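Following: one structure in structure tokens, then a few remarks.
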Amino acid sequence: MAQPQEPTFRQSVDLMFNRAVGLMDLSPGLEEKIRVCNSTYTVRFGVRLRGAIHTFTGYRSVHSEHMEPVKGGIRYATSVNQDEVEALAALMTYKCALVEAPFGGSKGGLCIDPREYQEHELELITRRFAYELIKRDLINPSQNVPAPDMGSGEREMAWIADQYARMHTTDINARACVTGKPLNAGGIAGRVEATGRGVQYALREFFRHKEDVAAANLEGKLDGKRVVVQGLGNVGYHAAHFLSAEDGAKVTGIIERDGGLWNDDGLDVEEVFQWIRANGGVTGCPAGRFVPEGAKLLEAECDILIPAAMEGVINLTNAANIKAPLIIEAANGPVTAGADEVLRQKGCVIIPDMYANAGGVTVSYFEWVKNLSHIRFGRMQRRQEEGRHQILIDELERLSSDKELGWTLSPGFKEKYLRGADELELVRSGLDDTMRIAYQSMREVWHSRQDVTDLRVAAYLVAIGKVAASYRAKGI
Ligand code: NAD
């Protein structure tokens with residue numbers, strides 16, 4: 001957690017914003033308009049559980065409505081507070097602008113430890129919270145569309161979608177009121193993995209640029225890189241899994257709430273994940289050496305550090321000890337503004353949260369579009385695409401049967417080429433494209449301007465520029 005002498009999460013986001021706008025030529029009025037959070041709604045509601053009424057507190061904050069609907073997850077954690085949801089809502093505004101998802105920024109939170117409740121209790125609480133937000137249009141397909149965040153997932157999103165549909169029985173677009181739903185309840189293939197997948201695509205793109213890799217004092221490719229991950233939840237697990245299973249990275253450290261695990265040869269991510277599911281933590285897991293003070297592993301020797309749990313974990317108390325030359329912020333706000341400065345001075349390259357974890361909102365955007373269009377991606381063109389490929393295959397087979405030409409098709413080519421893209425492939429392709437283009441827009445600013453020395457400022461410059469253009473177009 002951030003130390004008391006450090007700014008709060010929201011102040012930290014504002015400080016980073018200010019560092020960027022200092023390099024821009026915005027009118028002071030517009031600068032202020034973009035920075036401030038438009039509104040935060042606090043709701044306190046009672047739910048009868050276990051024979052007594054329990055009161056819960058929740059928030060929905062709207063940072064910027066330069067585009068609507070506004071978008072942002074709903075977090076379930078006891079640490080949720082107004083400052084935090086406002087910081088997260090602001091980050092959503094910038095994130096959506098950076099990856100060109102046509103949304104304003106919002107975020108919600110419910111002060112609750114979901115592990116303390118049974119499933120039917122969580123459903124009652126979620127439905128009541130959703131009811132409070134829906135009746136004020138703080139959940140609405142055209143105004144405000146939540147998604148999962150820390151402590152919430154597909155199950156909660158399905159309850160929210162159903163609650164909305166019950167309250168808007170004739171709204172044909174009801175399913176678009178929330179994203180991150182299960183596939184059978186209007187979700188999209190690849191949403192659960194999307195944020196972690198986006199972290200993988202972000203790192204792949206980073207490693208495509210030799211100059212950027214050299215700036216982090218690294219060389220080569222992702223293959224063989226030593227990775228430390230904090231938080232093996234939705235984002236951390238998928239990032240660690242894909243990086244180790246598909247890119248040859250070695251996950252040497254995993255940090256969870258109850259401690260950390262270390263293995264110089266690389267941990268078996270799947271084994272650790274299953275252990276956590278069964279036992280609630282990493283304690284006792286035979287995959288690696290147990291380190292009781294898990295957070296110490298943030299300071300361990302590695303090539304890439306992936307904080308994927310929560311905000312403020314890299315702060316003034318440990319920033320100077322961080323050895324990773326490259327940090328990718330899979331969580332929102334894991335590096336405080338103070339720590340950011342210390343790390344920059346050390347030459348550490350930070351791939352900022354606004355970009356690094358944008359995979360979630362990107363695929364949420366695809367899901368929202370799917371819900372509004374009422375058709376699965378690929379349904380119209382897949383077989384047509386296969387038919388066209390078949391024509392080419394037939395021709396190639398005809399030529400390869402000509403003994404004089406001496407041609408043969410490579411093994412597996414026909415099957416691979418013939419198969420038209422299904423929804424999952426299209427989603428991954430759209431996500432990959434988004435992550436590549438957004439990275440390139442940041443690095444162009446990073447390398448072309450003398451006064452821009454890091455990717456975070458570059459990300460803010462690109463994002464704020466887009467939000468400002470949108471406000472100007474509206475005549476504000
Ligand atoms: P999650 O609840 O699925 O997982 C969080 C994990 O972190 C859990 O395994 C938890 O045990 C662990 N954890 C919590 N506190 C910890 C601590 N102090 N030390 C070590 N581990 C700790 O949450 P998530 O959805 O993976 O979200 C993680 C982060 O990613 C959050 O900052 C969230 O805002 C951000 N994020 C999530 C999404 C998404 O699609 N889920 C999208 C963008 C950003």
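In each ligand, atom 1 is the first atom listed, and ligand 1 is the first ligand listed. The structure presented is a predicted model; accordingly, all values stated were derived computationally and were not measured.
- Close approach of ligand 1 to Asn357 is summarised as follows: ligand atoms under 4.0 Å from at least one heavy atom of the residue are 43 (C), 44 (C).
- At a heavy-atom cutoff of 4.0 Å, ligand 1 is contacted by the side chain of Arg191 but not by its backbone.
- For Glu423, the side-chain contact (heavy atoms from CB on, under 4.5 Å) partners at least two apart in sequence or on another chain are Leu183, Ile188, Ala189, Lys370, Arg376, Phe377, Val427.
- Side chains of Ser64 and Thr93: no donor on one and acceptor on the other come within 3.5 Å.
- The shortest N or O to N or O distance between Asp149 and ligand 1 is below 3.5 Å.
- Protein heavy atom nearest atom 24 (P) of ligand 1, with residue, atom name and distance: Val235 CG2, 3.9 Å.
- Under a 4.0 Å criterion applied to the non-hydrogen atoms of Ala309, ligand 1 contributes the atoms 7 (O), 13 (N), 16 (C), 21 (N), 22 (C), 28 (C), 29 (C), 31 (C), 32 (O).
- When all heavy atoms are compared, the tightest approach of Asn173 to His374 is OD1-NE2, 3.0 Å.
- Salt bridge absent: Arg443 and Glu205 never bring a charged side-chain N and a carboxylate O closer than 4.0 Å.
- Contact annotation for Asn234 and ligand 1: heavy atoms of both the backbone and the side chain come within less than 4.0 Å of the ligand.
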Scan the side chains in residues 285-301 for donor-acceptor partners under 3.5 Å anywhere in the protein, sequence neighbours excluded, and list what turns up.
unit_1, atom_1, unit_2, atom_2, d
Lys296, NZ, Glu299, OE1, 3.4

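- With a 4.0 Å cut-off on non-hydrogen atoms, Gln230 touches ligand 1 through its side chain and not its backbone.
- In terms of protein heavy-atom proximity, atom 5 (C) of ligand 1 is closest to Gly233 CA, 4.1 Å.
- With a 4.0 Å heavy-atom cut-off, ligand 1 is reached by the backbone of Ala308 but not by any atom from C-beta on.
- Shown here for Ser12 and Ala337, the closest heavy-atom pair between the two residues is OG-N, 2.8 Å.
- When heavy-atom distances to ligand 1 are checked against a 4.0 Å cut-off, Ala147 has no atom that comes that close, whether in backbone or side chain.
- The closest side-chain donor-acceptor pair between Gln440 and Glu444, if any, does not fall under 3.5 angstrom.
- A heavy-atom separation below 4.0 Å is not found between Glu311 and ligand 1.
- Residue contacts with ligand 1, taken as heavy atom pairs separated by less than 4.0 Å, involve Leu232 solely via the backbone atoms N, CA, C and O.
- Because its NZ or CZ atom is not both nearer than 6.0 Å to the ring centre of Tyr460 and within 45° of the ring axis, Arg19 does not count as a cation-pi partner of that residue.
- Listed by number with element, the atoms of ligand 1 under 4.0 Å from a non-hydrogen atom of Met310 are 15 (N), 18 (N).
- Given atom 10 (C) of ligand 1, the protein heavy atom at minimum distance is Glu256 OE1, 3.5 Å.
- Taking the six-membered ring where the residue is Trp, Phe273 and Tyr237 present parallel rings, their angle staying beneath 30° rather than reaching 60°.
- Looking at atom 32 (O) of ligand 1, its nearest protein heavy atom turns out to be Asn332 N, 3.1 Å.
- Polar contact check, Arg75 against ligand 1: a nitrogen or oxygen pair lies under 3.5 Å apart.
- Exactly one of Asp353, Asn357, Ile351 qualifies for a side-chain contact (heavy atoms from CB on, under 4.5 Å) with Tyr355. That residue is Ile351.
- Looking at ligand 1, you'll find an N or O of Gly151 within less than 3.5 Å of one of its N or O atoms.
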